[in-house]
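Below is one structure, written out as structure tokens, with a few remarks after it.
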Amino acid sequence: MCGRFTLRTPTERWARQFALEELPLFAPRYNMAPTQRLPVVRLSANGTRACDELRWGFIPSWSAGEKHRAPLINARAESIAEKPSFRDAVHFRRCLIPADGFYEWEQDGRQRQPYFVSRRDDRPFAFAGLWESWRPPEGGPAIETFVIVTTEANALLSRFHDGRMPVMLQGDHGERWLFEESRHAEDLIPLLGAYPEEELTCVRVSARVNSVRHDDPSCLEAPLRTQTLFD
DNA sequence: CCAGACGTTGTT
DNA sequence: GTCTGG
DNA sequence: CCAGACGTTGTT
DNA sequence: GTCTGG
């Protein structure tokens, strides 16, 4: 699964990689968390790419309210085309989520030990995402939200509790995820596989990342206790 | 027909 | 234990 | 995802 | 909104 991630790369670098015409300006992020407004790349009305800030935690358009519900931060690639919450979005509201790493946790006694996963070359990449617009019943402006698609974990990630990992779109899959026509959207589901583990690295990091208050380079420091690096 | 769910994950 | 907030 | 609160009353 | 269960 994926419940926290990073986007440390300077904006101009990842904006170029995502072929954005307008240059957004975002501070480097080391601890992006559910409920926060985070940058998402999607198609605008005129068919070009746009980068907008959407809230992480998908609220279906028919939802009675945003409270009293577990946040939908991940969606299983295997079922998004059928699930009532997501299938419209698969056709009409796909998006890319710029990132350059993500965290996984292991229960270590009574501690929650975080690990950081990123590309060996440390370049940014795109998570596959879906977005939705929800209008509060009591009125007020619509809230736009997104969810990150997950898939079965590769060998590197399968050691973590649930055997899932976020979909990192490789090669031209990001372009296809963004631009494929609605009627061919279901052809994209087979592209949502695990990223090759040989291109990734996974290291133990400081438990400072556990708290969303910490959003700085200290999140990636090595933990104080005996450290095992495996990658 | 209406009421109620609609998601992800892991749990002994 | 369960829910909310970030 | 994890951290932190979780209640009422009345009040320093 | 749309599907399932009764």
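A note on names: the letters A, B, ... follow the listed sequences, proteins ahead of strands, and every chain is numbered from 1. Note: hydrogens, waters and symmetry copies are ignored here, and every other heavy atom, side chains too, is used.
Considering only side-chain atoms of A:Arg4, the nucleotide from B:dT8, D:dC2, B:dC6 that sits closest is D:dC2. Listed nucleotides: D:dA3, B:dT8, C:dG6. Nearest to the side chain of A:Gln36: C:dG6. Distance from the side chain of A:Arg112 is smallest for D:dA3 among the nucleotides C:dG6, D:dA3, E:dT2. Nearest nucleotide to the side chain of A:Ser79, out of D:dC1, D:dC2, B:dT8: B:dT8. For A:Thr35, taking side-chain heavy atoms from C-beta onward, the closest of the listed nucleotides B:dT8, C:dG6, D:dA3 is C:dG6.
Where stacking is scored as ring centres under 5.5 Å apart with planes under 30°, A:Trp62 registers as stacked on the base of B:dC6.
For the pair A:Arg213 and D:dG4, the criterion of a side-chain N or O lying under 4.0 Å from OP1 or OP2 is met. Not one side-chain nitrogen or oxygen of A:Ser85 sits closer than 4.0 Å to the OP1 or OP2 atom of B:dA5. Under 4.0 angstrom from either OP1 or OP2 of B:dT8 there lies at least one side-chain N or O belonging to A:Lys83. When the side-chain nitrogen and oxygen atoms of A:Arg87 are compared with OP1 and OP2 of B:dC6, none of them lie within a distance under 4.0 Å. Look at A:Thr150 and you'll find a side-chain N or O under 4.0 angstrom from OP1 or OP2 of B:dT9.
One can place CZ of A:Phe86 at 19 Å from P of E:dG1, the figure rounded to the nearest angstrom. In this structure, A:Glu132 atom CD and B:dC6 atom C1' are separated by 13 Å, rounded to whole Å. Taking atom CG of residue A:Leu72 and atom P of nucleotide D:dC1, one finds them 12 Å apart after rounding to whole Å. Atom CD1 in A:Ile59 sits about 16 Å away from atom C1' in E:dG1, given to the nearest Å. Rounding to whole angstrom units, CE of residue A:Met1 and P of B:dT8 are separated by 10 Å. At whole-Å resolution of the value, NE2 in A:His91 and P in E:dT2 are 14 Å apart.
No salt bridge links A:Glu21 with A:Arg49; every basic N to acidic carboxylate O contact stays at or beyond 4.0 Å. A salt bridge links A:Arg159 with A:Glu106: at least one charged nitrogen is closer than 4.0 Å to a carboxylate oxygen. One finds no salt bridge joining A:Asp187 and A:Arg176 here, because no Lys/Arg side-chain nitrogen approaches an Asp/Glu carboxylate oxygen to under 4.0 Å.
Going from the C1' atom of C:dT4 to that of D:dG7 covers 16 Å, rounded to whole Å. Of the P atoms belonging to B:dG4 and D:dC6, the separation is 31 Å, rounded to the nearest Å. Taking the P atom of each, B:dT9 and D:dC2 are spaced 14 Å apart, rounded to whole Å.
With rounding to the nearest 0.5 angstrom, the CZ atom of A:Arg76 is 9.0 Å from the OG1 atom of A:Thr151.
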Trace of the side-chain hydrogen bond (donor to acceptor under 3.5 Å, both in side chains) decision for A:Asp100 with A:Thr9: CA-CA 7 Å; A:Asp100 52 25; A:Thr9 307; 2.7 Å; yes
